[in-house]
2 protein chains.
Amino acid sequence: MPSWTLHQGDALTLLPTLDTLADAVIVDPPYNSGGLQAAQRRGQSARGKYVSGDANHLLPDFGGDRRDQRGYTYWLSSMLAASLAAARPGASALVFTDWAQLPATSDALQAGGWVWRGIIPWRKTIARPTRDGFKRECEYVLWGSHGEPTRHAPSIYLPGWLEGSQPRGKGRVHITQKPVAVMRQLVRIAPEGGTVLDWCAGSGTTGVAALAEGRRFVGIEASGEYAAAARQRLMAAVDKEPAAA
Amino acid sequence: MPSWTLHQGDALTLLPTLDTLADAVIVDPPYNSGGLQAAQRRGQSARGKYVSGDANHLLPDFGGDRRDQRGYTYWLSSMLAASLAAARPGASALVFTDWAQLPATSDALQAGGWVWRGIIPWRKTIARPTRDGFKRECEYVLWGSHGEPTRHAPSIYLPGWLEGSQPRGKGRVHITQKPVAVMRQLVRIAPEGGTVLDWCAGSGTTGVAALAEGRRFVGIEASGEYAAAARQRLMAAVDKEPAAA
DNA sequence: CCCCACATTGAATCCGCAG
DNA sequence: GCTGCGGATTCAATGTGGG
């Protein structure tokens, strides 16, 4: 049985067709921030928004980042409801968000049928300072469960705070790529040998982390370009791993 | 002119009578968590909820912690609207909350007329681990501004997250007392010599921090017992400070 | 009045070079 | 080849100002 699969296509279409129920759904959807504040509401694409002027790198853009806040909440709750149907009872959902979308994301999580169980802040360590105010240095992971969460045996105790800088330089494939070290902490919410599902796979970091921690991975990615990049990273990750006993 | 004042009484009544406009409103309202989840909805008082079984200390209980979530949001937005009227344009509001009430608190902040500007996580460092899940080790400070925030001269750059453990042992007067070190970072959002307002003064930590950072303080506290304790701490804090030039 | 270009700040991290 | 240091680079922005 392969320890990972990556589908390319529309997540809402593909989710009902998966043949394994997930033990954890871990996603990093486009945040769609900018619906609230005038300075950001310029119809910018993700690249224009997130990449600073002098950092002229050539990472491909990503779609799905132009909804307004109601649209975002509605879209995300549909996705999370579909995820619930694709997840085992007791499974967990972990959803990344920034500060501005945190309340909307918690609404979507609960509207999707998940029980909200907490927030795990992620400190990015490299962030621009804010003049005359507090630096916006953290992103947030919202934790939900499908009913009562699964008991682990032996019990595990996971951190309530994550730290790690975004990948830089050659290792970086996606604009908003998460550090593998951070993801490795998160995938442990699925039991060993369990399945982690990410329907917003991007460059496949969730999968790389899942494999490194001895979990299976099912990914969905809309963009062909990113799906290809993710497959490459996943193949490399399997080679690196010692064969299972 | 005294550098601090502490009123005892009902905040909603007293707020309109204050004779100085605040440069920063910093409050730590009772979180009212537990309105949603059955396990917590046992008619517990604040002491029963926040004080663990074996920590048998004799801190007085505090009121206002039995609203349901709608009531909490409504009450908090009224309080924050009254705070806005008591604050200078450009002033900031900083409101403490736990993870469960964060979305409701952001609603209340914005309903009260403040512009939401960010979240500052406070990492408590001493927190119980969570079995088979992520530790809940953070509380959160929501940052809002009365219109465009005041410009500081010279500019200041404040941290994006806070760390500090809750006071323990003899130094602790209030059940949910915040560390002075954490509060000192926060009061700096008011310009030097500006006025910090806290209508939920409790044991007066906000005031102690404000004085330590060279800001004036106006506090309101409903309970006579806590008001007295706060006055003692504030007097001691002034004695410790070198006299103003 | 709307829209776009650009300067900006501190800290973490990277990179290249020297020892 | 490894380590240590110093300068360069970057940051899931935001505010300002000009066209």
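Just the heavy atoms: all of them, side chains too, but no hydrogens, waters or symmetry mates, feed the values below. Chain identifiers are assigned alphabetically (A, B, ...) following the order of the sequence lines, protein sequences preceding nucleic acid strands; residue numbering begins at 1 within each chain.
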* **Whole angstrom value for the distance that separates P of D:dA13 from CD1 of B:I119** => 15 Å

* Asked: Counting N and O atoms only, with roles assigned by atom type, does the side chain of A:R215 sit under 3.5 Å from a partner on the main chain of A:E213, one being a donor and the other an acceptor?
  -> yes

* Asked: Does A:R123 make a side-chain N or O approach to OP1 or OP2 of D:dC11 shorter than 4.0 Å?
  -> no

* Salt-bridge contact A:K124-A:E137 (side-chain N to carboxylate O under 4.0 Å) -> no

* Asked: Whole Å only: how far is the OH atom of B:Y157 from the P atom of D:dA13?
  -> 16 Å

* Structure fact -> note: A:R128, atom CZ; C:dC6, atom P; distance rounded to Å ~ 16 Å

* To do: Specify the separation, in whole Å, of atom CG of A:N32 and atom C1' of D:dA13.
  => 16 Å

* **Candidate nucleotides C:dA12, D:dT16, C:dT9, ranked by approach to the side chain of B:R151 - the nearest** => D:dT16

* Aromatic ring pairing A:H174/A:Y226, orientation class (parallel under 30°, perpendicular over 60°, tilted between) -> tilted

* Asked: Dot-bracket for DNA chain C: what is it, with Watson-Crick or G-U pairs under 3.5 Å, [ ] where a pair crosses earlier ones, and | for a pair to another strand?
  -> .|||||||.||||||||||

* Structure fact -> Result for 5'-nearest mapping on DNA chain C, choosing between A:T130 and A:P167, is A:T130

* side-chain N/O A:S165 vs C:dA12 OP1/OP2, d < 4.0 Å -> no

* Which word best sums up how the rings of A:W161 and B:W161 line up, parallel for under 30°, tilted for 30 to 60°, or perpendicular for over 60°? -> tilted

* Asked: Can you tell which of D:dC11, D:dG15, D:dT9 lies closest to the side chain of A:R172?
  -> D:dC11

* To do: Answer with base, sugar-phosphate or nothing: what part of the nucleic acid does A:P29 contact at a heavy-atom distance below 4.0 Å?
  => base

* To do: Remember a base hit wins even if backbone is also touched, and classify A:D132 as base, sugar-phosphate or nothing at under 4.0 Å, heavy atoms.
  => nothing

* **Trace of the side-chain contact (heavy atoms from CB on, under 4.5 Å) decision for A:H7 with A:V218** => CA-CA 8 Å; A:H7 305 276; A:V218 177; 4.1 Å; yes

* **A:E139 CD - D:dC11 C1' separation (whole Å)** => 11 Å

* Spatial distance of atom CD1 (B:I119) from atom OG (B:S106) [nearest 0.5 Å] -> 7.5 Å

* **Euclidean distance, atom CD1 of residue A:I126 to atom P of C:dC14 [Å, nearest integer]** => 8 Å

* Structure fact -> To the nearest angstrom, the CZ-C1' distance between B:R117 and D:dG15 comes to 10 Å

* Structure fact -> Side-chain atoms of A:R168 come closest, of D:dA13, C:dT13, D:dG15, to C:dT13

* For DNA chain C, whose closest nucleotide is more 5', that of A:T125 or that of A:R131? -> A:R131

* Structure fact -> Atom CD of A:Q177 and atom P of D:dC11 are separated, to the nearest Å, by 12 Å

* To do: Please determine if B:K135 forms a cation-pi arrangement with A:Y157, meaning its NZ or CZ atom is less than 6.0 Å from the six-membered ring centre and no more than 45° off the ring axis.
  => no

